[in-house]
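Scroll down for the structure; my scribbles are underneath it.
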Amino acid sequence: MESKGTTETNSQTDNKITRAQFTTKLGVIATTVGSAVGLGNIWRFPYETGTHGGGAFLICYIFFIFVIGIPVICAEFIMGRGTRSNIFGAFRKLAPGRKWYFAGYIGILASLMILSFYSVVAGWTIEYLIQSVSGSLALANPEDYHTKFDEFSTGNVRPVLWTLVFLLFNFLILRRGVTKGIEKMSNIMMPLLFLLLLVFCINSLLMPKAQEGLYFLFHPDFSEIDSSVLLGAMGQAFFSLSLGLGCMATYASYFSKKTKLIKSAGITASLDTTVALLAGIIIFPAVFTFNMSPAAGPTLVFEVLPSIFHHLPGGAVWSSLFFFLLFLASLTSTISMSEISIAFFTEEKKMSRRSATILNTAIGCVFGTLCALSFGALSDFKIFGLTAFNLFDYVSSNILLPFGGMLISIFVGWFVDRKFIKTQLSNDHKVKVRLMTLIVFCLRFVAPTGIILVFLNSIGII
Ligand code: PFF
């Protein structure tokens with residue numbers, strides 16, 4: 001429908017690439033995986049799985065990753081690399097004179113909401129890193145970890161302080177620009193985190209009640225699949241893949257002409273899902289071995305992991321290394337979500353990068369503080385029965401990201417010229433594309449209908 005505009009834009013944008021680019025193939029994968037892998041896999045996936053009944057949630061989650069997630073990543077990659085713009089600019093260039101770019105506002109709102117509550121949890125990792133290094137994380141009983149976390153998170157000073165410190169780190173890296181800092185950090189950090197998770201996995205598989213934990217994680221009880229499981233699993237898929245808000249589009253705008261989009265999408269989704277599964281395999285055997293509740297909610301991982309480390313020889317070293325890597329993994333994710341609003345402020349609003357970064361950080365500090373205090377001083381301040389932290393998490397992950405993803409898939413599936421899609425997927429006809437029809441089919445029909453059905457189901461209409 002937009003054929004004239006889009007092919008023109010395509011050749012224009014491909015000819016004069018002025019933006020920075022990732023330098024290596026590994027850089028592309030490490031940075032997109034760096035964005036995808038973070039607290040969403042290691043903190044959010046286990047607690048969501050735990051509160052939604054285990055295996056039933058996992059099945060739905062994997063289904064959404066492959067049937068909706070991968071096609072929508074491809075759609076974001078096509079928009080980002082094809083236009084060399086942030087999500088706003090991409091909508092504008094691909095549909096000139098139309099109001100599609102409004103969908104970009106959803107992404108900006110979602111990214112700032114996620115930055116706020118995500119920084120709080122990243123702040124918790126700083127606290128636990130310091131406690132691991134100082135040796136004060138070694139406690140006698142698993143229940144003590146619950147008490148310890150409760151005392152810490154309900155306080156009004158340290159959770160806020162660490163949230164702000166984390167945002168300061170985020171700010172400092174963002175100031176250096178996209179490719180330099182992030183690519184280097186991700187190249188080293190991601191493989192190391194992966195290795196460490198493998199070691200912990202083996203340790204958990206040797207625990208006395210490993211079988212019970214694995215049964216909980218992998219045995220689906222289909223009768224447990226209800227609207228909240230479906231909505232939660234869909235939200236988790238979008239959250240974990242950093243999808244639906246233009247983050248992947250923004251990163252793809254830095255891809256080189258040679259980056260294979262479908263392959264990169266597949267690798268990103270597979271590695272991201274693998275890390276989530278590893279986290280599940282680490283957590284649930286321990287939950288059952290230490291007689292904890294899998295449904296503890298957001299605090300689950302911060303109570304279970306220290307108990308695991310405590311039982312390992314050289315526990316303090318493992319624990320320090322782990323929380324350090326988790327802190328870095330959180331940084332690579334917050335950097336990617338911050339790039340959405342920074343790219344918008346600089347490219348659309350013509351702000352300097354410095355001012356844009358300051359504005360992004362300032363918003364994070366204000367709302368991050370609100371979220372940090374929602375476990376303590378502001379725990380009674382509720383909107384729709386949810387604290388600020390839970391509200392930001394729920395609204396962004398379960399509503400804004402899938403809604404944004406739906407708009408992106410409808411846009412690319414129905415409104416972007418097929419030739420443009422093909423040019424992008426085939427790197428200007430230099431590589432063969434086999435899955436294009438399937439991807440376009442998913443973008444046109446499967447993803448939008450799936451997302452609408454889950455929404456309607458969750459508000460009780462079907
Ligand atoms: N995918 C990240 C995680 O799993 O931790 C979270 C995230 C990053 C969400 C970037 C959204 C985003 F734009």
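Just so you know, these numbers come straight off a predicted model, no measurement behind them. Both ligands and their constituent atoms are indexed starting at 1 by order of listing. Numbering starts at 1 and runs along the sequence shown. Computation of the quantities below employed the complete heavy-atom set of this structure, encompassing side-chain atoms and omitting hydrogens, waters and symmetry-equivalent molecules.
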Can you list the steps and then say if Y105 with F88 is a ring-ring contact (aromatic ring centres under 6.0 Å, His included)? CA-CA 8 Å; Y105 285 113; F88 257 88; 4.7 Å; yes
Test of ring centre spacing under 6.0 Å for W318 and F309: no
Over 60° means perpendicular and under 30° means parallel, so classify the ring planes of F455 and F403, tilted if in between. tilted
If a pair satisfies side chain to side chain donor-acceptor pair (under 3.5 Å) and one of its residues is in residues 398-408, list it, with sequence neighbours excluded. none
Should the ring pair Y251 and Y254 be called parallel, tilted or perpendicular, given that the plane angle runs from 0 to 90° and is split at 30 and 60? perpendicular
Please work out whether the ring planes of W43 and F117 are parallel, tilted or perpendicular, with thresholds of 30° and 60°. tilted
Write 'none' if nothing qualifies; otherwise put on separate lines each N/O atom of ligand 1 with a protein N/O atom under 3.5 Å away and their distance to 0.1 Å.
unit_1	atom_1	unit_2	atom_2	d
ligand 1	1 (N)	S35	O	3.3
ligand 1	1 (N)	A36	O	3.0
ligand 1	1 (N)	F239	O	2.8
ligand 1	1 (N)	S240	O	3.0
ligand 1	1 (N)	S242	OG	3.0
ligand 1	4 (O)	A36	O	2.8
ligand 1	4 (O)	G40	N	3.4
ligand 1	4 (O)	N41	OD1	3.3
ligand 1	5 (O)	L39	N	3.2
ligand 1	5 (O)	G40	N	2.8
ligand 1	5 (O)	Y118	OH	2.4

